[in-house]
Amino acid sequence: MNLDFTEEQDMLRTAAKDFLTTECDKTMVRQLEEDEKGYSPELWKKMADLGWMGLIFPEKYGGTEMDFMSLIILCEEMGRNILPGPFFSTVVLCGNAILDSGTDVQKDEYLTKIASGDIIMSWVQTEPTNTWGAGGIEVKAVADKDDFVINGTKLFVADAHVADWMIVVTRTKGGAKPEDGVTLFLVDAKSPGITAIPQPTVGMDKLCEVNFKDVKVPKGNIIGKLDKGWEVVEKTLLKASTCKCIESVGAMQATVDMTNAYIKDRVQYGRPLAAFQVLQFDMANALIKTTTLRELTYRAAWEAGEGLPEAATDVAMAKSWMNDTFYWVVERGVQLHGAIGTTRDHDMGLYYRRSKCAECQFGDSDFLKEKIAKDIGL
Amino acid sequence: MNLDFTEEQDMLRTAAKDFLTTECDKTMVRQLEEDEKGYSPELWKKMADLGWMGLIFPEKYGGTEMDFMSLIILCEEMGRNILPGPFFSTVVLCGNAILDSGTDVQKDEYLTKIASGDIIMSWVQTEPTNTWGAGGIEVKAVADKDDFVINGTKLFVADAHVADWMIVVTRTKGGAKPEDGVTLFLVDAKSPGITAIPQPTVGMDKLCEVNFKDVKVPKGNIIGKLDKGWEVVEKTLLKASTCKCIESVGAMQATVDMTNAYIKDRVQYGRPLAAFQVLQFDMANALIKTTTLRELTYRAAWEAGEGLPEAATDVAMAKSWMNDTFYWVVERGVQLHGAIGTTRDHDMGLYYRRSKCAECQFGDSDFLKEKIAKDIGL
Amino acid sequence: MDFKWTPEQEAMKKDFDDFFEEAMKGKPAAWVGGLEDMFSEEGFPFTKMVCSKLADKGWLVGHYPKEYGGSGWSILEQLIRAEAAGYHHAPTGDIFGIGMCGPTLIVVGTEEQKKEHLPPICRGERYWCQGWSEPNAGSDLAALTTRAVRDGDDYIINGQKTWNSGAHIADWAFMLARTDPETKRSRGISYFLVDMKSPGITVVPLISMDGSHLYNETYYDDVRVPARNMVGEENQGWAVTRMTMNFERSGVGGFAGNMADIKELVQFCKETKWNGKTLAENPLIRSRLAQLAIETEAGRALAYRIAWLQETGGMEAIATTAWMASSGKVYGSELSQRVAAIAEQIFGLYGQLIKGSKWAPFSGKYIAAHQMSMGGNIAAGTSEIQRNMIAWTGLGLPRTI
Amino acid sequence: MDFKWTPEQEAMKKDFDDFFEEAMKGKPAAWVGGLEDMFSEEGFPFTKMVCSKLADKGWLVGHYPKEYGGSGWSILEQLIRAEAAGYHHAPTGDIFGIGMCGPTLIVVGTEEQKKEHLPPICRGERYWCQGWSEPNAGSDLAALTTRAVRDGDDYIINGQKTWNSGAHIADWAFMLARTDPETKRSRGISYFLVDMKSPGITVVPLISMDGSHLYNETYYDDVRVPARNMVGEENQGWAVTRMTMNFERSGVGGFAGNMADIKELVQFCKETKWNGKTLAENPLIRSRLAQLAIETEAGRALAYRIAWLQETGGMEAIATTAWMASSGKVYGSELSQRVAAIAEQIFGLYGQLIKGSKWAPFSGKYIAAHQMSMGGNIAAGTSEIQRNMIAWTGLGLPRTI
């Protein structure tokens with residue numbers, strides 16, 4: 001057992017923290033909320049230059065071959081600074097899916113371009129059916145000679161409006177088990193018949209309605225196997241969930257730090273707010289929640305990275321605990337800031353609003369707890 | 001609208017408070033926990049002399065004809081002092097059932113004896129089936145000439161071991177709806193074939209396992225109508241639930257008062273515990289919960305007393321809110337007392353343990369909330 | 001004890017209900033019914049229109065004395081109106097003028113002040129805002145530093161106020177300024193009525209987390225206020241302030257609003273099918289909505305008690321029930337927050353969509369309400385301040401501030 | 001980062017697991033596994049038996065240096081043992097001797113004290129109790145008034161201690177007495193080792209809410225204690241006390257115990273059918289048990305971090321991780337309370353039955369555990385004290401006491 005990060009990883013963390021603090025301040029976060037694209041191409045380029053896009057890819061694809069826990073570190077720091085943009089879609093979701101389940105040709109084609117920052121990708125899974133489960137996949141892909149033809153509507157799809165390529169989760173076969181008959185396609189976002197319309201969300205995080213009308217995709221663009229794509233989804237979402245959890249930990253710690261500093265500074269009734277025991281208890285509880293989530297997430301992430309069977313349950317646990325704790329911590333943070341914390345101009349709100357977005361990713365607590373209940377034998 | 005009690009009712013409250021404080025101190029409560037009978041015959045006699053047993057019965061049966069809200073007042077004060085014994089079983093459950101649904105002959109026979117303090121009664125409903133719903137009634141009563149013959153096991157039955165008479169809820173007919181085919185019998189507790197064994201409970205409140213082996217009951221002893229007894233049960237439990245709620249309010253207020261006094265008195269770190277803001281917040285929350293429950297219960301009780309249709313939902317709401325709040329308030333009370341509050345000799349524990357007993361009476365929150373969900377249209 | 005309304009009150013209830021049912025048909029999209037909506041660009045004309053109709057019927061400010069334009073209602077009739085309005089999330093004018101400034105004037109205002117201000121309030125013609133908090137005087141209001149200096153028949157006011165709800169639409173403000181800078185804290189403060197059109201007043205919007213505009217900063221730069229606009233004695237404004245804070249806090253409208261929300265959500269759950277089952281079949285959702293209904297009724301029962309005690313106890317009761325009013329406030333605002341949070345949760349992925357997305361349930365009303373609810377736990381005395389007050393005045397525990 | 005155990009550690013884990021599995025077959029009915037059981041009339045012989053077997057294998061106090069009877073384990077091996085024991089709710093001797101007094105002696109004891117006391121602790125032959133709290137010195141320990149007066153080579157101790165867990169079975173006590181009554185509070189206190197058989201000691205039981213006997217009052221009436229039994233310098237006992245409080249607080253055993261409870265409850269829910277359905281089919285129960293499992297794993301992950309930091313950081317880490325240990329304590333004890341409460345709730349009407357009723361699920365174990373859990377939120381630093389400590393040392397907030 002070794003619960004320390006390596007020196008190289010510690011350096012990565014410091015570098016990421018410094019870089020993001022400088023390059024992604026809250027003014028930029030606010031601008032990008034209103035920005036049509038939702039990301040900064042300059043920043044994107046710089047991140048690629050730092051090697052972040054290819055962090056966990058093999059060197060032959062332009063990556064730096066660090067392990068999954070290094071990506072976790074990066075995500076923690078991104079969460080602390082609320083980095084907007086398609087890093088999560090491109091690298092965490094699509095990058096991991098191709099890395100774990102793509103063919104050599106696909107890896108060569110896409111990982112290399114991701115690593116260089118040349119393409120943005122979008123993970124196109126959820127639908128109006130309102131679930132991250134396999135049962136929600138209804139958008140059909142039907143074989144037609146050497147192609148498949150995709151028709152239907154996807155919803156809540158991050159960054160589809162700026163994506164060059166998409167990984168689209170489709171239904172290719174009906175059947176008793178919804179997990180069967182799911183197939184994933186690499187789809188050129190410029191294909192005729194695709195429209196992507198960003199929806200206003202509480203986090204302004206560019207979730208799109210994506211419509212597919214007779215969109216043709218070559219058979220060769222399947223990731224994983226025909227009808228067996230759900231395995232790829234599961235594997236990808238395990239990793240992505242831990243990245244979302246640790247991103248949230250970063251955000252939570254940021255709000256704890258920010259609130260702690262504020263109450264030490266803000267004087268009412270002749271003493272700092274920090275001197276009020278009730279506020280101290282709120283802070284103590286916030287710290288407990290943040291810390292337990294961090295530790296649980298590290299373990300779950302390590303298991304997911306190692307491909308261990310226990311990852312499935314532990315990741316669901318971490319994500320569910322995140323849903324409970326992120327909201328709690330930012331809610332208290334706003335409350336302790338008082339009225340100023342409820343304004344659009346204050347940073348607390350940026351975090352507060354993102355807690356809802358994070359909750360919606362990869363399963364809410366009811367969904368996850370039902371999974372956990374099964375896993376613990378119920 | 002008039003949310004005040006009458007002067008007569010205010011006097012009743014004062015008299016009850018004074019009487020119980022003197023006659024039912026915590027030493028007696030403790031003794032009766034260990035006592036085989038679980039009540040004091042002398043105290044029982046005195047209560048009868050005060051007219052408490054017949055408080056809401058017509059004068060012709062030896063009662064004083066006060067309204068149901070007067071019984072509520074009495075129960076609130078009993079809860080404050082944790083009066084042990086079969087008042088609830090005899091008067092609140094059986095008394096109300098006979099008053100509301102008995103024949104004139106039955107009223108004359110039983111209400112008179114209840115009012116005079118001559119008989120103790122037990123409400124025999126629940127079974128190992130573990131529910132207050134009609135579906136749980138499996139003990140059968142089978143017609144045999146002019147009698148019915150009862151067989152089976154009842155469980156969690158208060159005061160059966162000291163009862164002279166019982167009201168036994170039986171199944172006389174199977175069918176699609178569990179509410180159909182339930183019949184209530186007035187049963188002489190000395191009938192051959194009845195055994196009642198008190199079970200140790202957290203509140204030492206003499207809940208018995210009651211076995212019926214070929215117990216004969218005359219047909220004339222049916223309360224309400226054959227197979228239609230569930231209506232009687234529902235009506236009775238509505239009133240009994242509000243009495244249990246207000247009993248709990250009395251207990252909660254007692255623990256709030258006791259804890260409030262303790263923290264004002266107990267000095268640590270050179271100041272009374274009461275000066276610590278966190279403890280003040282616990283107390284404020286306890287007061288909010290106690291007060292909201294009291295007001296909700298008064299309304300629900302008034303509705304139940306008036307026989308209004310909205311009583312069904314509001315009583316379930318009050319009882320569910322009681323389940324949540326009673327435990328919360330006494331748990332905080334123990335915590336604020338510190339170690340001394342966890343001892344057998346301290347009064348806090350008496351209340352704490354009763355919160356569990358109260359929760360178990362007439363439906364836990366899941367049971368009640370499912371009912372409420374139906375009532376609000378789900 | 002008797003919870004029945006009289007036949008007259010029942011009839012009144014129905015009249016109110018019919019009125020609001022009809023009036024609210026024209027409400028703007030995603031209307032939550034908070035002050036944010038009432039004072040928004042889109043909402044304020046609607047608010048004025050509804051309030052004007054209410055005023056025509058004598059229902060806007062029914063509980064003021066008839067001589068000043070009220071209808072002489074008892075607190076119970078006021079309660080019935082508040083409950084009906086709350087249930088329909090209807091605008092009922094500004095809580096500041098109607099609920100705080102007006103009642104204060106009735107008790108301690110001069111006859112001239114009453115005659116000048118109460119009738120336009122009752123007619124729904126004059127909107128008020130509160131000018132109390134300052135950047136360094138929030139919960140600790142007595143730390144305020146805005147100055148008022150006597151100059152002939154006027155006072156000249158200088159300073160900055162903040163969190164002024166509706167200052168951008170208000171005609172008048174009731175505000176606090178320090179008239180004696182030598183004495184400390186709560187002494188030396190006076191209470192003024194200020195025409196918002198006075199030269200020297202600048203209102204700067206403070207936009208809320210969800211993008212709505214309720215709060216403002218108000219800058220006073222040599223604002224001249226006639227001395228007759230002082231309420232109460234010079235330097236005695238703190239006592240007036242305490243009184244203002246305690247009026248009309250049964251909170252029944254909020255609980256009625258929750259009832260309507262729960263009803264709406266129940267209907268949604270019955271009609272909405274995801275993954276092959278209606279939401280209404282989900283036991284977790286059933287349990288949560290039932291719990292909200294329980295907590296709403298428990299709060300409502302408390303609100304009735306507060307109203308009853310104020311009805312029967314008069315002005316004195318306002319002080320003795322202050323801890324109950326604080327209880328109702330903190331309980332109610334935290335409950336409203338849970339209602340919105342649970343609605344969002346029920347919507348699943350749709351819960352994150354806001355106004356402007358065609359996919360947003362109820363046009364994003366609940367997620368907006370959720371964000372606004374944060375302010376509900378802070379405005380008009382934070383939940384912490386309320387719990388302090390309950391501990392001190394309801395339980396006799398020592399003051400920690 | 002790597003969460004794998006080495007093959008040796010995996011083997012150790014299995015050995016422990018097998019041992020406890022076997023040893024716990026003989027446990028008394030309704031065994032919860034808290035100190036209440038370990039030190040009860042029925043439980044203490046069982047405790048001694050299990051501990052003696054553990055000691056034979058060198059597993060009772062593995063982490064002490066070999067020269068004093070330990071096995072020289074690292075904190076990680078200790079963690080593995082604690083987790084296995086916790087999972088089986090096994091007795092592992094007194095936490096006072098093994099976990100508090102012993103480690104203190106290792107750091108600041110004299111060689112003579114180490115030689116005298118550590119080996120019998122490691123052999124499971126000597127049980128300890130703590131003599132700290134007094135009726136007027138609970139959370140505010142420094143307010144203690146028990147006196148120790150030097151008399152030749154001895155000290156003579158007079159006073160009253162309370163909440164002495166296991167004093168009725170203990171052989172020795174480590175206790176605090178005031179040696180300099182002139183100086184105030186934490187100064188002037190000394191730390192003594194006292195043979196409980198010393199003349200003048202009287203132990204009076206304090207029976208807990210559920211009827212169990214864990215706590216005692218201890219009266220010291222002219223108790224003579226040799227000066228060599230003082231730990232640390234005279235009047236410097238407070239520093240020793242602080243050290244004692246911080247040892248071994250990863251809390252992993254408690255989380256492992258929760259895991260076992262959850263597993264037991266899952267099994268119960270699968271096997272138990274009321275109203276025609278198994279409990280396992282009830283979505284509300286599924287959700288609650290899943291939530292407990294989540295919270296248990298979150299706490300366990302924290303416990304691992306604490307152990308790891310102590311492993312790699314040594315004595316210094318004990319201070320820097322104190323806020324984490326406080327977090328683990330308060331989080332763990334409150335979680336244990338919820339586990340018991342939810343078990344009771346699952347049992348429905350059966351939840352109120354206690355030991356002695358043939359109908360009581362698990363012989364009333366969970367309702368007993370629930371009552372004991374109240375003590376868990378108070379003993380060894382109340383939840384309030386823990387949160388204070390987290391705020392002060394983990395967040396740098398100003399001390400409020």
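Chain naming here is simple, since letters A, B, ... match the order of the sequence lines and numbering starts at 1 in each. Owing to the predicted nature of the structure, the values given are computational and were not obtained by experimental measurement.
- Ranking B:Ala284, B:Pro272, B:Ala275 against chain C, the residue ahead of the rest is B:Ala284, based on heavy-atom pairs under 4.5 Å.
- Residue B:Glu8 places its CD atom among 12 or fewer non-hydrogen atoms of other residues, nucleotides or ligands, all under 6.0 Å distant.
- Residues of residues 370-378 of chain B lying under 4.5 angstrom from chain C, judged on non-hydrogen atoms, are B:Glu370, B:Ile372, B:Ala373, B:Lys374, B:Ile376, B:Gly377, B:Leu378 by number.
- Interface remark: B:Leu368 contributes no atoms to any contact with chain C (heavy atom separation under 4.5 Å).
- Between the side chain of C:Trp308 and the main chain of B:Asn2, no donor-acceptor pair closer than 3.5 Å is present.
- With rounding to the nearest 0.5 angstrom, the CE atom of B:Met1 is 8.5 Å from the OG atom of C:Ser74.
- Salt bridge status for B:Arg299 with C:Glu297: present, with a side-chain N to carboxylate O gap under 4.0 Å.
- Considering all non-hydrogen atoms of both residues, B:Thr291 and C:Met324 come closest at CG2-CE, 4.5 Å.
- Of all non-hydrogen atoms in B:Asp324 and C:Gln291, the two that sit nearest each other are OD2-NE2, 3.1 Å.
- The contact list for residues 383-401 of chain C toward chain B, using heavy atoms and a distance under 4.5 Å, reads C:Glu384, C:Arg387, C:Asn388, C:Ile390, C:Ala391, C:Trp392, C:Gly394, C:Leu395, C:Gly396, C:Leu397, C:Pro398, C:Thr400 by residue number.
- In this structure, OG1 in B:Thr292 is found 5.0 Å from OH in C:Tyr331, a value given to the nearest 0.5 Å.
- Heavy atoms closer than 4.5 Å to chain B are found in the side chain of C:Leu79, but not in its backbone.
- Each of B:Glu306, B:Met69, B:Lys264, B:Arg294 has some count of heavy-atom pairs under 4.5 Å with chain C, and the biggest count is that of B:Lys264.
- C:Ile262 touches chain B through its side chain: at least one heavy atom from C-beta onward sits under 4.5 Å away, while N, CA, C and O do not.
- For the options C:Thr312, C:Leu309, C:Ile294, heavy-atom pairs under 4.5 Å to chain B are most numerous at C:Ile294.
- Residue contact with chain B, scored on non-hydrogen atoms closer than 4.5 Å, involves the backbone and the side chain of C:Lys4 alike.
- Within the 4.5 angstrom heavy-atom criterion, atoms from both the backbone and the side chain of B:Trp321 approach chain C.
- Looking at heavy atoms from C-beta onward, B:Asp4 lies out of side-chain contact with C:Met1 at the 4.5 angstrom threshold.
- At most 12 non-hydrogen atoms from other residues, nucleotides or ligands lie less than 6.0 angstrom from CD of B:Glu7.
- Highest contact tally toward chain C, considering only B:Asn260, B:Asp314, B:Val256, is held by B:Asn260 [criterion: heavy-atom pairs under 4.5 Å].
- Options B:Ile288, B:Thr313, B:Leu279 differ in how many heavy-atom pairs under 4.5 Å they form with chain C, and the most are formed by B:Ile288.
- Residues C:Phe3 and B:Glu303 form no side-chain contact, since every pair of their non-hydrogen atoms from C-beta on lies 4.5 Å or further apart.
- Proximity to chain C involves both the backbone and the side chain of B:Met283, based on heavy atoms less than 4.5 angstrom apart.
- Under a cut-off of 6.0 angstrom, the local environment of NZ in C:Lys13 is crowded, with over 12 non-hydrogen atoms contributed by other residues, nucleotides or ligands.
- Neither the backbone nor the side chain of B:Asp67 comes within contact range of chain C; no heavy atom of the residue lies under 4.5 Å from a heavy atom of that chain.
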